[in-house]
Amino acid sequence: MATPFCAAACRLSVSPPNAAPSAPGRARALARRGLVVAVRAEAGVGGINPSIRKEEEKVVDTVLAGELSKPLTPYCRCWRSGTFPLCDGSHVKHNKATGDNVGPLLVKK
Ligand code: FES
């Protein structure tokens, strides 16, 4: 069963059993109250990754920390960056639009 956190992160709708499909705002309110009893993906959302390297079966990147050019490099965890896998700050817009709280992974050299 999805927790409110993973339902939000995965952009899933959350609703009680036998309920009509709910609006995302109602789903979030139910999740906050702990009324998460059924989870389904929203039609057309298709997962957490909206557009990055969709032609690949799985998006995987390898980083050798010792080869980083900067002492601290931010890596995207919101899947909205135009410079993926690096963070370009797009998470700020995503967080404002959705109420989410995602941010980058900071890798130290
Ligand atoms: Fe995705 Fe910053 S742009 S975490």
Side-chain angles (χ1 to χ4, degrees):
M1 176 179 291
T3 65
F5 170 77
C6 72
C10 298
R11 296 175 153 225
L12 301 173
S13 297
V14 182
S15 62
N18 305 320
S22 62
R26 176 159 165 66
R28 279 192 289 274
L30 288 168
R32 277 194 297 273
R33 292 170 34 206
L35 300 175
V36 180
V37 291
V39 177
R40 64 182 170 276
E42 291 178 11
V45 172
I48 195 168
N49 176 6
S51 61
I52 295 170
R53 293 161 35 195
K54 295 299 272 188
E55 70 283 3
E56 298 178 24
E57 183 176 332
K58 184 185 299 182
V59 180
V60 177
D61 297 294
T62 301
V63 175
L64 298 175
E67 295 182 3
L68 294 173
S69 60
K70 298 183 282 186
L72 195 61
T73 304
Y75 282 86
C76 178
R77 294 190 298 180
C78 75
W79 293 89
R80 303 305 189 271
S81 176
T83 58
F84 193 89
L86 299 175
C87 170
D88 69 355
S90 295
H91 60 269
V92 174
K93 181 180 175 185
H94 166 78
N95 287 345
K96 284 182 182 171
T98 64
D100 212 343
N101 64 349
V102 296
L105 167 69
L106 300 175
V107 178
K108 291 182 180 179
K109 186 173 184 178

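Keep in mind that what you see is a predicted model, and the values were worked out from it rather than measured. Whatever order the structure lists ligands and atoms in, that order sets their numbers, starting from 1. Along the sequence shown, residues are numbered consecutively beginning with 1.
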- prompt: Between V63 and V59, is there a shared hydrophobic cluster once you connect ILVMFWY residues whose side-chain heavy atoms come closer than 4.5 Å?
  reply: no

field: Donor-acceptor contact present, side-chain N101 to main-chain N95, <3.5 Å
entry: no

field: Pairwise side-chain contact, T73 with K109, heavy-atom cut-off 4.5 Å (strictly under)
entry: no

task: Give every protein N, O or S atom lying under 2.8 Å from atom 2 (Fe) of ligand 1, naming each by residue and atom.
output: C87 SG, H91 ND1

query: According to a 4.5 Å side-chain heavy-atom criterion applied to Ile, Leu, Val, Met, Phe, Trp and Tyr, with indirect links allowed, do L68 and L105 form part of one hydrophobic cluster?
result: yes

task: Verify salt bridge (charged side-chain N to carboxylate O under 4.0 Å, His left out) between D100 and R80, making sure each step is shown before the conclusion.
output: CA-CA 13 Å; D100 212 343; R80 303 305 189 271; over 6 Å; no

task: Kindly indicate whether the side chain of F84, heavy atoms from C-beta on, has any atom under 4.5 Å from the side chain of R53.
output: yes

